[in-house]
Amino acid sequence: MKKYEDVSLKAYNTFGIDVKCRLLYKISSEHQLQKVLSETDGPYFILGGGSNLLLSSDQELTILKNEIDGIIIDSETAESVILKVGGGVNWHSLVLWAVEHDYGGLENLSLIPGTVGASPIQNIGAYGVELDQIFLKLDAIRIENGKKTTFLKEDCHFGYRDSVFKKELKGQYFITYVYFQLTKSNHKINISYAPLAARFNDIPTIKAISDAVIEIRQSKLPDPAKLGNSGSFFKNPIISIEEFEALKHKYPLIPSYPVNQHNIKVPAGWLIEKAGWKGRRIGDAGSYEKQALVLVNHGNASGSEIWQFAQMIIKDVELKFGITLSPEVNIV
Ligand code: EPU
């Protein structure tokens, strides 16, 4: 375990926000975590890759950075394999490892920033696949008492970019290991996302899908190493069919995705672009020129400047479309 005092968090969040924290521990095993919890006082904040996070001020909380490593085969049959993966493992390196071994299920989720331990918290998803489709269970340690618990899939209450760890159990568990069930044969190829389907004439391999997803992401989304960002800043809003029909009447080309009989999801990126915010910039806070949903730090924006910019977008979209956007990123 490594302990740091009064450190800048700039290198620990992909927005590149320069705030200070009082105390930070890098945790690389369950045992280390239990030791820190028993010897220190909270309140604590659990940090993964810092890729879904907007730091709005200096942090008085004690930060526990998840660096639990390791990808191991927990069990396997002729058809499938169960991987046990440390919560601190970089998400994309897990995807590349799986693709290299021809284990199917993670390929559509290539190049998502962040760590394995953070992936169930917001049920990460992209290009037609969400984490809950390959998630089996997870091990976590309760912050309050250091006790280890297993959460099965049904215990996690997964939804669109949502889980019990964002709601009732927010901040209460440190996710140490995540178990994924992947295919070894008869891969469930998913090219339902139109720009992905457009690239293939035949059924692609999982490697080809991963390569295509990487290319699509690189063409649309900014690289946090070059331009600070946290991916999609807002969730795509879910509205009623009636609200949608009224919008469609006014904007016949509005894109949408069905949710259920009563609701429909509309892309926040489209609403933000139509409201005139795509590529706009105030100081160093801005909306990305190629994807309006991604807010960016052009250099030295503070967390509160980015948040003010986000609130201007929320107000304007509300005024123009009657839809209230809610942040997807965690604001602390
Ligand atoms: N659009 C615009 N203008 C924009 C951005 C998008 O008109 O500036 C339109 C696009 O033309 C398209 C629609 O909005 O018709 C959807 O855009 P896109 O396919 O880029 O996806 P998204 O809905 O904006 C979601 C996820 C992404 C994920 C992609 C692909 C959320 C909040 N975001 O974005 O996830 O990669 O689908 O599956 O659900 C993330 O969560 O950080 C993230 C990047």
Side-chain angles (χ1 to χ4, degrees), residues 13-15 48-54 91-92 95 106-115 118-133 158-163 166 190-199 209-210 212-224 227-239 244 247-248 251-259 264-281 286-296 310 313-314 316-317 320-321 323 325-331:
N13 71 100
T14 58
F15 250 126
S51 60
N52 202 44
L53 180 67
L54 180 65
W91 176 265
H92 185 56
V95 175
L106 297 173
E107 57 282 358
N108 292 54
L109 305 177
S110 297
L111 213 63
I112 295 184
T115 55
S119 64
I121 297 179
Q122 60 150 352
N123 188 20
I124 59 170
Y127 310 108
V129 173
E130 282 186 340
L131 174 107
D132 59 0
Q133 291 165 246
F158 287 124
Y160 164 58
R161 294 296 193 278
D162 205 15
S163 77
K166 256 184 137 173
N190 184 331
I191 48 168
S192 55
Y193 183 78
L196 202 53
R199 291 172 170 247
I209 294 184
S210 173
V213 166
I214 291 173
E215 247 182 72
I216 295 174
R217 286 189 80 94
Q218 282 175 337
S219 70
K220 278 197 191 180
L221 300 168
D223 176 357
L227 186 62
N229 76 90
S230 266
S232 301
F233 191 89
F234 301 102
K235 289 196 205 187
N236 285 332
I238 295 172
I239 59 175
F244 178 70
L247 273 176
K248 197 165 169 66
Y251 306 97
L253 294 180
I254 183 171
S256 64
Y257 318 101
V259 174
I264 208 155
K265 197 151 78 174
V266 291
W270 185 90
L271 297 169
I272 298 169
E273 178 172 350
K274 277 280 170 291
W277 289 86
K278 189 174 186 171
R280 233 162 115 175
R281 171 174 177 172
S287 153
Y288 189 50
E289 57 186 3
K290 295 186 202 155
Q291 204 341 339
L293 185 53
V294 177
L295 300 193
V296 294
I313 292 178
I314 295 175
D316 203 31
V317 166
K320 290 182 171 137
F321 299 99
I323 294 175
L325 296 178
S326 52
E328 198 231 88
V329 300
N330 203 355
I331 298 157

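We count ligands from 1, going down the list as the structure has it; atoms in each ligand are counted the same way. What you see is a predicted model; the values in this text were computed from it and never measured. Quick note: residue numbers are just sequence positions, from 1.
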Exercise for the section: Note the single closest protein heavy atom to atom 39 (O) of ligand 1, along with its residue, its atom name and the distance in Å. Expected result: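 Among all protein heavy atoms, the one nearest atom 39 (O) of ligand 1 is Y160 OH, 2.7 Å.
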
Practice task
Within a distance under 4.0 Å of any heavy atom of A292, pick out the atoms of ligand 1 and give their elements.
Solution key: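 In order of numbering, the contacting atoms are 4 (C), 8 (O).
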
Exercise for the section: Show which atoms of ligand 1 fall inside a sub-4.0 Å distance from at least one heavy-atom site of G231. Expected result: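 Contacts of ligand 1 toward G231, numbered from 1: 42 (O).
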
Exercise for the section: Return a yes/no value for A126: is any of its N or O atoms, backbone included, closer than 3.5 angstrom to an N or O of ligand 1? Expected result: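 For ligand 1, there is no N or O atom that lies under 3.5 Å from one belonging to A126.
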
Problem - Min N/O separation R161 to ligand 1 under 3.5 Å - result: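 The answer is yes, given that R161 and ligand 1 share an N or O pair closer than 3.5 Å.
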
Exercise for the section: Specify side chain, backbone, both or neither for F234, according to which of its non-hydrogen atoms lie closer than 4.0 Å to ligand 1. Expected result: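 Only the backbone of F234 comes within reach of ligand 1.
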
Exercise for the section: Evaluate the 4.0 Å heavy atom contact test for atom 37 (O) of ligand 1: does a protein atom fall under the cut-off? Expected result: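 Neighbour list for atom 37 (O) of ligand 1 is empty of protein heavy atoms (cut-off 4.0 Å).
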
Problem - atom 21 (O) of ligand 1: nearest protein contact (heavy atom, Å) - result: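 Protein heavy atom with the smallest distance to atom 21 (O) of ligand 1: Q291 NE2, 4.1 Å.
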
Exercise for the section: Could you tell me the residue and atom name of the protein heavy atom closest to atom 23 (O) of ligand 1, and the distance to it rounded to 0.1 Å? Expected result: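 Here the nearest protein heavy atom works out to N236 ND2, 2.9 Å.
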
Handout entry: Heavy-atom nearest neighbour in the protein, as seen from atom 44 (C) of ligand 1, with distance rounded to 0.1 Å
Key =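 Ranked first by proximity to atom 44 (C) of ligand 1 is S232 OG, 3.3 Å.
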
Problem - Distance from atom 15 (O) of ligand 1 to nearest protein heavy atom, with residue and atom - result: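 Closest protein heavy atom to atom 15 (O) of ligand 1: P255 CG, 3.5 Å.
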
Practice task
Measure the distance from atom 30 (C) of ligand 1 to every protein heavy atom, then report the residue, atom name and distance (to 0.1 Å) of the closest one.
Solution key: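 Ranking protein heavy atoms by distance from atom 30 (C) of ligand 1, first comes Y127 CE2, 3.4 Å.
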
Handout entry: Region of R217 that comes within reach of ligand 1 [heavy atoms, distance under 4.0 Å]
Key =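 For R217, the contact with ligand 1 is made by the side chain alone.
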
Handout entry: N-O pairing of K235 and E328 below 4.0 Å
Key =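 Salt bridge between K235 and E328, a charged N being under 4.0 Å from a carboxylate O: no.
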
Handout entry: Closest protein heavy atom (residue, atom, distance) for atom 19 (O) of ligand 1
Key =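 Ranked first by proximity to atom 19 (O) of ligand 1 is Y193 OH, 2.4 Å.
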
Practice task
Look at atom 11 (O) of ligand 1 and say whether a protein heavy atom is found at less than 4.0 angstrom from it.
Solution key: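 Looking at atom 11 (O) of ligand 1, one finds that no protein heavy atom lies closer than 4.0 Å.
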
Exercise for the section: Decide whether an N or O pair under 3.5 Å exists between S230 and ligand 1. Expected result: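 N/O-N/O distance under 3.5 Å: no.
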
Handout entry: Distance from atom 41 (O) of ligand 1 to nearest protein heavy atom, with residue and atom
Key =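 Checked against all protein heavy atoms, atom 41 (O) of ligand 1 sits closest to E328 OE2, 2.8 Å.
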
Problem - Among W270, W277, Y257, Y288, closest by any non-hydrogen atom to atom 7 (O) of ligand 1 - result: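 Answer by nearest heavy atom: W270.
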
Handout entry: L293: numbered ligand 1 atoms lying under 4.0 Å from its heavy atoms
Key =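 Near L293, the atoms of ligand 1 are 24 (O).
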
Practice task
Kindly identify the option in K235, K265, E273, E130 whose heavy atom sits closest to atom 2 (C) of ligand 1.
Solution key: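 The nearest heavy atom belongs to E273.
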
Practice task
Please state which part of P267 comes within less than 4.0 Å of ligand 1, counting heavy atoms only: side chain, backbone, both or neither.
Solution key: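 The answer is the side chain of P267.
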
